[in-house]
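Only one structure is covered here, and it is reproduced in the block below.
The figures that follow rest on heavy atoms only: side chains count, while hydrogens, waters and symmetry mates do not. Lettering of chains follows the sequences in order, A, B, ..., and the numbering in each one begins at 1.
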Amino acid sequence: MTVRVRIAPSPTGDPHVGTAYVALFNRTWAHKNGGQFLLRIEDTDRVRSTKESEKMIFDSLGWLGLTWDEGPDIGGPFGPYRQSERVETYLKHATGLVEKGAAYYCTCTADRLEAVRKAQAAAKLAPRYDGHCRNLPATEVRKQIDAGAPWVIRLKVASDGECRFKDVVRGEVVFAWDQIDDQILLKSDGWPTYHLANVVDDHLMEITHVIRAEEWISSTPKHIKLYEVFGWEPPVWCHVPLLRNKDRTKISKRKNPTSLRWYEEQGYLPEALVNFLALMGFSMPENREIFTPAEMQEHFHIDRINAGGPVFDMEKLDWVNGQYIRKLPAEELARRLGPFGAAGHDPALVARIVPLIQDRLRVLSDYKDLTAFFFGDALAYEAATLVGKKQTVPDVQGHLRAARETLAATPWDAAALETRLKELAATRNVKVGELFMPVRVAVTGRTATPPLDRTLEVLGRERSLARLDAAIAKLAAPAKAPETP
RNA sequence: GGGCACGUAGGCUAACGGCAGGCCACCAGGUUCUCAGCCUGACAGCGAGGGUUCGAUUCCCUCCGUGCCUACCA
């Protein structure tokens, strides 16, 4: 039997990091077994679903390389893959269940349901549908419907005994059937709820393994009941853990970035984010932390997924991202930096800059800040920054003037610049740092930069000398003088 | 409240019932003109209590903690 799995995101809001997480496990499992990975859009919530959101799901998953074998955009033999285009199917199946006696029409109003819930809460009972319409004669409900009352279809669940199922990640799970509510299958607008649509589609699309988030465990008995009353073979159940915020609650945008677009905009590499996501619950043999999707696929098995909910650790993500950034060939890194500002810069200059910042990029969007001083003429910094803690203004003035003079007479390559500046420090009888730091600040405006010699080299003679002049002028000016580059 | 799930250092994780190991973060050194990177080292853990066993992180029970679900959302 061919392994067929799917993810079924609902297109509401930004594309979620949890979607990518579950997609990764699904896709890896399908491809490891030579099967198919499907993307199905669960847009049965007519109020919240949007086309823009759907598009973003396609784009973000595509960005991550988590491509699908069948889906709304590319089609496939089991389409349509958008639930809004399958509404008649669900209606037909729901009414079929009523005819079989496995489901029933319900005309209870929202007001009544709320009142029932309130009463149950007051009596400290579990909030649950009270079976009002289930117990009414069918003719009575029929009469109300014919009179124009809105109706829904509910699944008949409550009964004795237990619902047991095997979960690949967790082992055997048991629910008492009397804990399970008479779930609404078809809403009053004629559209299905998740539960109905999900089961019908998974069956018709021949899904073999349902790999989904842990939050669905509680609903699984309803789904099993549906498979039972339809007379269908249920899939293999695999509930993977939920990604967590630092406080261990379900990951949420208030407490942690969840939008895949955010990660893209920050300049996390897609392969790094996927690698990091894999680390949340999956582990490679021999403690490997950095690996490709192909390597993961080789060693992956659903039953190796850790069942505990992992805290999404941004610091480790940064580390993983750094690993990937440093591994990139310089030209490739330059290309990837394009959208982060490098596209607007002279390619030849970018090519010289990239090696200087490759070890210093945490995310690609650091590019702008890290390279700002290579562009433009004016530098904005306080004159005081030029003067070290153990230095006096006259000291620094002397260093800068001497450095300016020396550099003006030095061939402009890193090796020569370093040699001459170090000689100068010796001549002036100061530590290298005491000379280098003021020069660094003078030509870059900051105290943390790539090595000074290479920075000077890329910056060029003309610009470097001009900035030294500006720094000397800045120090000569009255203490609180405004910036005059 | 009820149901279910989950507990290995601050975070992610590994370990046929047999010496608890790796990564991130943190800290300390080294490299060095600063920062970053890189190298070395240090710190740090089986939620608690019972039971089974020669032996329990591992199996069982109880407790505790945490999370999810408890919608005509998914």
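Here the C1' atom of nucleotide B:rC68 and the CG atom of A:Leu243 are 14 Å apart, to the nearest Å. Going from atom CD of A:Glu214 over to atom P of B:rG3 covers 18 Å, rounded to whole Å. A:Asp366 places its CG atom 12 Å from the P atom of B:rG37, with the value rounded to the nearest Å. In this structure, A:Arg326 atom CZ and B:rA36 atom C1' are separated by 8 Å, rounded to whole Å. For A:Asp318 and B:rC26, the CG to P distance is 11 Å, given to the nearest whole Å. Summarising the geometry, the separation between NE2 on A:His223 and P on B:rC69 is reported as 13 Å, rounded to the nearest angstrom. Rounded to an integer number of Å, the gap from A:Leu185 CG to B:rC73 C1' is 15 Å. Going from atom CZ of A:Arg288 over to atom P of B:rG21 covers 23 Å, rounded to whole Å.
B:rC72 sits 47 Å from B:rA14 when the C1' atoms are compared, rounded to a whole Å. The separation of B:rU8 from B:rC46, taken at their P atoms, amounts to 10 Å, rounded to a whole angstrom. Atom P of B:rA42 sits at a distance of 12 Å from the matching atom of B:rC23, rounded to the whole Å. Between B:rG10 and B:rC26, the two C1' atoms lie 9 Å apart (nearest whole Å). A gap of 24 Å separates the C1' atoms of B:rA25 and B:rG67, to the nearest Å. Comparing the same atom, C1', in B:rG2 and in B:rG55 gives a spacing of 40 Å after rounding to whole Å. As rounded to the nearest Å, B:rU62 and B:rC24 have C1' atoms that lie 36 Å from one another. The separation of B:rC61 from B:rU53, taken at their C1' atoms, amounts to 16 Å, rounded to a whole angstrom.
Comparing B:rA74, B:rA5, B:rA14 against the side chain of A:Asp45 picks out B:rA74 as the nearest. With distances taken from any side-chain atom of A:Gln179 to the nucleotides B:rG11, B:rU34, B:rG3, the minimum falls on B:rG3. The A:Lys422 side chain lies nearest to B:rC33 when the options are B:rC33, B:rU34, B:rC38. Of the candidate nucleotides B:rA5, B:rC69, B:rC23, B:rC69 has the atom nearest to the side chain of A:Glu215. Residue A:Arg360 places its side chain closer to B:rC35 than to any other of B:rA74, B:rC35, B:rC23. Here the nucleotide nearest the side chain of A:Lys250, chosen from B:rC33, B:rC35, B:rC69, is B:rC69. Ranking B:rG67, B:rC72, B:rA74 by closeness to the A:Trp216 side chain, first place goes to B:rA74. For A:Ala448, whose side chain is taken as the heavy atoms from C-beta onward, the closest listed nucleotide among B:rC33, B:rC73, B:rU34 is B:rU34. Comparing B:rC23, B:rA5, B:rC4 by their closest approach to the side chain of A:Glu289 singles out B:rC23. Side-chain atoms of A:Lys187 lie closest to B:rC73 of the nucleotides B:rG3, B:rC24, B:rC73.
The base of B:rC33 is not paired with the side chain of A:Lys431 by any donor and acceptor separated by under 3.5 Å. The base of B:rG3 sits with one of its N or O atoms less than 3.5 Å from a complementary donor or acceptor on the side chain of A:Ser218.
Note on A:Val441: nothing from the nucleic acid sits closer than 4.0 angstrom, heavy atoms only. A:Leu242 comes within 4.0 angstrom of sugar-phosphate atoms only, judged by non-hydrogen atoms across all strands, and of no base. At a threshold of 4.0 angstrom between heavy atoms, the contacts of A:Arg244 are confined to the sugar-phosphate backbone, with no base atom among them. When heavy atoms are screened at a 4.0 angstrom cut-off, A:Gln323 is found touching the sugar-phosphate backbone but no base atom. Here A:Thr220 lies out of heavy-atom contact (under 4.0 Å) with every strand. Among the atoms of the strands shown, base atoms are found under 4.0 Å from some heavy atom of A:Tyr194. Using a 4.0 Å heavy-atom criterion, one finds that A:Ser188 contacts the bases of the nucleic acid, with or without backbone contacts as well. Using a 4.0 Å heavy-atom criterion, one finds that A:Val152 contacts the bases of the nucleic acid, with or without backbone contacts as well.
A donor-acceptor pair is defined here as one N or O able to donate and one able to accept, closer than 3.5 Å; no such pair exists between the side chain of A:Arg134 and the backbone of A:Lys156.
Between A:Arg117 and B:rA71, a side-chain N or O to OP1/OP2 separation shorter than 4.0 Å is present. Applying the 4.0 Å criterion to OP1 and OP2 of B:rC69, one finds that A:Lys222 has every side-chain N and O outside that range. Between A:Arg454 and B:rU32, a side-chain N or O to OP1/OP2 separation shorter than 4.0 Å is absent.
Judged by a 6.0 Å distance limit and a 45° cone about the ring axis, A:Lys225 is positioned over the six-membered ring of A:Trp177. With A:Phe373 as the aromatic partner, A:Arg446 does not meet the cation-pi criteria of under 6.0 angstrom to the ring centre and within 45 degrees of the ring axis.
Comparing A:Leu361 and A:Val311 along RNA chain B, the residue whose closest nucleotide (by nearest heavy atom) sits nearer the 5' end is A:Val311. Nearer to the 5' terminus of RNA chain B, by closest-nucleotide assignment, is the contact made by A:Trp319 (compared with the other of A:Trp319 and A:Glu42).
Checked against the 6.0 Å centroid criterion, the rings of A:Trp319 and A:Tyr324 do not qualify as a close aromatic pair.
A:Thr109 and A:Asp111 share no side-chain donor-acceptor pair at under 3.5 Å.
Checked for salt-bridge contact, A:Glu423 and A:Arg420 meet the test: a charged N lies under 4.0 Å from a carboxylate O.
Under the 30°/60° scheme for interplanar angles, the aromatic rings of A:Tyr227 and A:Trp237 are found to stand perpendicular. Ring orientation note: the planes of A:His195 and A:His223 are tilted relative to one another, at an angle of 30° to 60°. By the 30° and 60° cut-offs, the orientation of the rings of A:Phe282 relative to A:Phe300 is tilted.
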